[in-house]
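Below is one structure, written out as structure tokens, with a few remarks after it.
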Amino acid sequence: MSLISQNVASKIKNKKKSDENHESVVSREKKLTDEGGELDADISRTTKKRKKEKESLVEIEEQKTMKKLENFLFGSLYAPVEFGKEDREEVLDEAQDGPALFFTDRSANSQLSVYEKDSESSDNLTDEEEMKQRKPVWVDEEEEKANVNIATVNRLRKLRKEEDESTISGSEYVSRLRAQHVKLNPGTEWAQLDKKDSSYDDESSDEEENRVVLAGTHDDAEPLGNILRTDEDLVVKTGAKLLPGLLEYSRLVDANAEDPSNGPINSVQFHRNAQLMLAAGLDRRLRFFQIDGKRNTKIQSIFLDDCPIKKASFTPDGSQVIVSGRRKFFYTFDLVKAKVDKIGPLVGREEKSLEVFEVSPDSSTIAFVGNEGYILLVSSRTKELIGTLKMNGTARSIAFANNGQELLSSGGDGQVYHWDLRTRTCFHKAVDEGCINGTALCTSFNGALLAAGSDSGIVNVYNRHEFLGGKRKPIKAIENLTTKVDLLKFNNDAQILAICSGLKKNGLKLIHVPSFSVFSNFPLQNRSLEYPRSVDFSPGGGFLAVGNAAGRVLLYKLHHYNRA
């Protein structure tokens, strides 16, 4: 009995040890399993971290590569540094104290790099590095050897600088193509800084107040300022000759698109600031527009209930507008005070129409065409009659010369009169060749040229000083119109003469004055001007406005001129 109990006790003891060993193995396996899970998590985190670091390095390398390519293509926006040796803060610090942020592209005229000026002013670069920077990225070796004939291809004739020019070198051809591109595609307005120059004192007060004066911390700040004030002068020379044949122009939005007229437009004129334009006609409204070639915003409209407008004109000083019609009175509009005044009838005169007038270049005198050959002189300050001039025949047209000290007139006797307004006497009178009834007169801005039109449609152009000296033969008789000449107008540099007849559809021609030939592509055959009634060029020559009998003011941009 005792032996059996001992065996049982021994089996129970062995079973307990076996259970304890099993539990120990299970706990060790569980512990190992937990440790393995933690190890896997650590490995996963390490892998993700390395992957992120690798992606970050790839991104940095890509940014450096893109930046390097941009520097090759467009020039460095920062000071020249070696990538990988300077961090971003050092680059920015160096950019603030280093060279200018902009550069001049001379690739059209030279093989030197755009860094030429910066490398010349840098003291830290060696001669070898300097030469390395001056080399362009790529040079076409065949460019210098090639010759291009620009006279035989119609679309290349516009690149000529002289009429008889034919073959030019490849590099010169590239340079002229660049210049042509700048003329046709000027920079955006927000990127242009107006050049503060005494020759443009007639710019508007708004532009003068918004002048930007560039300042810099380095020595070449002033040359940089001159460069940034305009982009066109870098590749386009001002005062270039206008070539005959084809006129480069483009049609813009109508100047009065926001408020077309219900009647013929008898007057269009640009203000001296080239931004403001007036349009007036038989609907008795005087309208003002801000001309930008895109929207041409309407500024103001004035209704004159008792005066269908035959002519409206700014005074040359830009302070007033003179408005007249087939009435014995006229109106003035003060641009500063925005006030309209009715003037007349003139004391001692019985004229029933004051529709034809001109304002002297010094803005001191208004000359009206009166009855029976009389010309009425009115002070623009007091609006009172200060004198009269008397022709032998009827007076039809007048024009000022010599800064308002002389007046020219023509009319029913076919002669051109020269008057000295200081003495109120006629000091010269001569027949306009082939003219029976003179209908239009115009002088160039410098007074050297005189154009006289007649009811036969012929326009004679004279050298005014030779005409006064006794030479009666005109320089050129222009016979492109066949109906009465209503209007003549020289542009600012007297390279274009507009001749207009309102009795014929498309009755407007533009004459190239140096060669006295007509621009054959204006107007285009498929584009109608209707019946033109008024014409004006902007002060800088960049815009041409044409008012017609349909109540529209057609606006054109002349690409030869860089300023409005």
Side-chain angles (χ1 to χ4, degrees), residues 158 180-186 189 232 236 240 242-261 264-281 287-298 442 480-481 486-502 504-513 517-564:
K158 63 174 74 72
Q180 182 71 10
H181 175 75
V182 171
K183 286 168 62 178
L184 298 179
N185 302 281
E189 294 179 358
E232 296 172 346
V236 180
L242 179 64
L243 297 178
L246 300 178
L247 180 66
E248 297 176 36
Y249 71 93
S250 58
R251 174 74 183 277
L252 304 177
V253 177
D254 286 357
N256 66 339
E258 288 197 357
D259 188 12
S261 174
I265 301 291
N266 289 327
S267 284
V268 292
Q269 188 182 14
F270 287 91
H271 190 269
R272 57 179 291 179
N273 67 8
Q275 293 184 341
L276 182 66
M277 191 195 76
L278 66 80
R287 298 175 174 86
F288 295 94
F289 300 90
Q290 182 178 356
I291 302 301
D292 57 10
K294 298 176 183 177
R295 292 188 55 189
N296 303 327
T297 308
K298 177 186 172 183
C442 181
N480 293 86
L481 297 179
D486 294 315
L487 178 65
L488 299 171
K489 183 74 176 180
F490 284 100
N491 75 331
N492 63 318
D493 60 0
Q495 293 196 75
I496 301 177
L497 170 64
I499 60 176
C500 176
S501 175
K504 189 174 182 180
K505 204 168 186 178
N506 290 340
L508 173 65
K509 301 294 181 183
L510 298 182
I511 310 298
H512 179 255
V513 175
S517 60
V518 176
F519 288 108
S520 58
N521 63 332
F522 188 92
L524 293 174
Q525 294 181 356
N526 59 346
R527 295 290 182 91
S528 176
L529 299 176
E530 299 295 339
Y531 294 89
R533 303 292 290 269
S534 52
V535 178
D536 193 33
F537 295 94
S538 61
F543 287 138
L544 167 65
V546 180
N548 62 24
R552 298 171 61 191
V553 180
L554 310 179
L555 187 64
Y556 299 88
K557 179 182 178 182
L558 306 184
H559 296 298
H560 176 77
Y561 298 94
N562 301 325
R563 290 183 175 272

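Here the structure is a predicted model, which means the values were calculated and not measured.
You'll find the side chain of Lys504 stays beyond 4.5 Å of the side chain of Leu481, heavy atoms only. Contact annotation: the side chain of Phe490 approaches that of Val513 to within less than 4.5 Å [non-hydrogen atoms, C-beta and beyond]. You'll find the side chain of His559 stays beyond 4.5 Å of the side chain of Gln180, heavy atoms only. Within the 4.5 Å cutoff, the side chain of Leu510 has heavy atoms near those of the Leu544 side chain. Between Tyr531 and Asn548, every side-chain heavy-atom pair lies at or beyond the 4.5 Å cut-off. Put simply, the side chain of Ile291 does not reach to within 4.5 Å of the side chain of Leu252, judged on heavy atoms. The shortest side-chain heavy-atom distance between Val253 and Arg295 does not fall under the 4.5 Å cut-off.
Every residue two or more places apart in sequence or in another chain that forms a side chain to side chain contact (heavy atoms under 4.5 Å, CB included) with Val518 is listed here: Asn480, Lys509, Ile511. Checked against ring-ring contact (aromatic ring centres under 6.0 Å, His included), Tyr556 has the following partners two or more places apart in sequence or in another chain: Tyr249, Phe522. Shown here are the side-chain hydrogen bond (donor to acceptor under 3.5 Å, both in side chains) partners of Asp254, two or more places apart in sequence or in another chain: Arg251, Arg552. Legend: residues meeting side-chain hydrogen bond (donor to acceptor under 3.5 Å, both in side chains) with Ser261, ordered by chain and number and at least two apart, are Asp283. Residues forming a side-chain hydrogen bond (donor to acceptor under 3.5 Å, both in side chains) with Glu530 (at least two apart in sequence, or on another chain): none.
Note: Phe270 and Phe543 have parallel aromatic rings, judged against thresholds of 30 and 60 degrees for the angle between ring planes.
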Verdict with reasoning, Ile496 to Leu558, per side-chain contact (heavy atoms from CB on, under 4.5 Å) | CA-CA 11 Å; Ile496 301 177; Leu558 306 184; 4.1 Å; yes

Can you list the steps and then say if Leu243 with Lys158 is a side-chain contact (heavy atoms from CB on, under 4.5 Å)?
-> CA-CA 8 Å; Leu243 297 178; Lys158 63 174 74 72; over 6 Å; no

Checking side-chain contact (heavy atoms from CB on, under 4.5 Å) for the pair Cys500/Leu508: CA distance, chi angles, key distance, verdict?
-> CA-CA 4 Å; Cys500 176; Leu508 173 65; 4.0 Å; yes

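In the model, Gln275 has no side-chain atom that pairs as donor or acceptor with a side-chain atom of Asn273 under 3.5 Å. In this structure, a donor-acceptor pair under 3.5 Å is absent between the side chains of Asn492 and Tyr561.
Counting only distance, with no hydrogens or angles, the side chain of Ser538 and the backbone of Ala274 share no donor-acceptor pair below 3.5 Å. A distance-only check finds no donor-acceptor pair linking the side chain of Asn491 to the backbone of Phe537 [under 3.5 Å]. Asn506 contributes a side-chain N or O that, together with a main-chain N or O of Leu529, makes up a donor-acceptor pair within less than 3.5 Å. Put simply, the side chain of Asn521 gets close to the backbone of Leu247: a donor and an acceptor are under 3.5 Å apart.
Identified under the salt bridge (charged side-chain N to carboxylate O under 4.0 Å, His left out) test for residues 532-549, with sequence neighbours left out: Lys489-Asp536.
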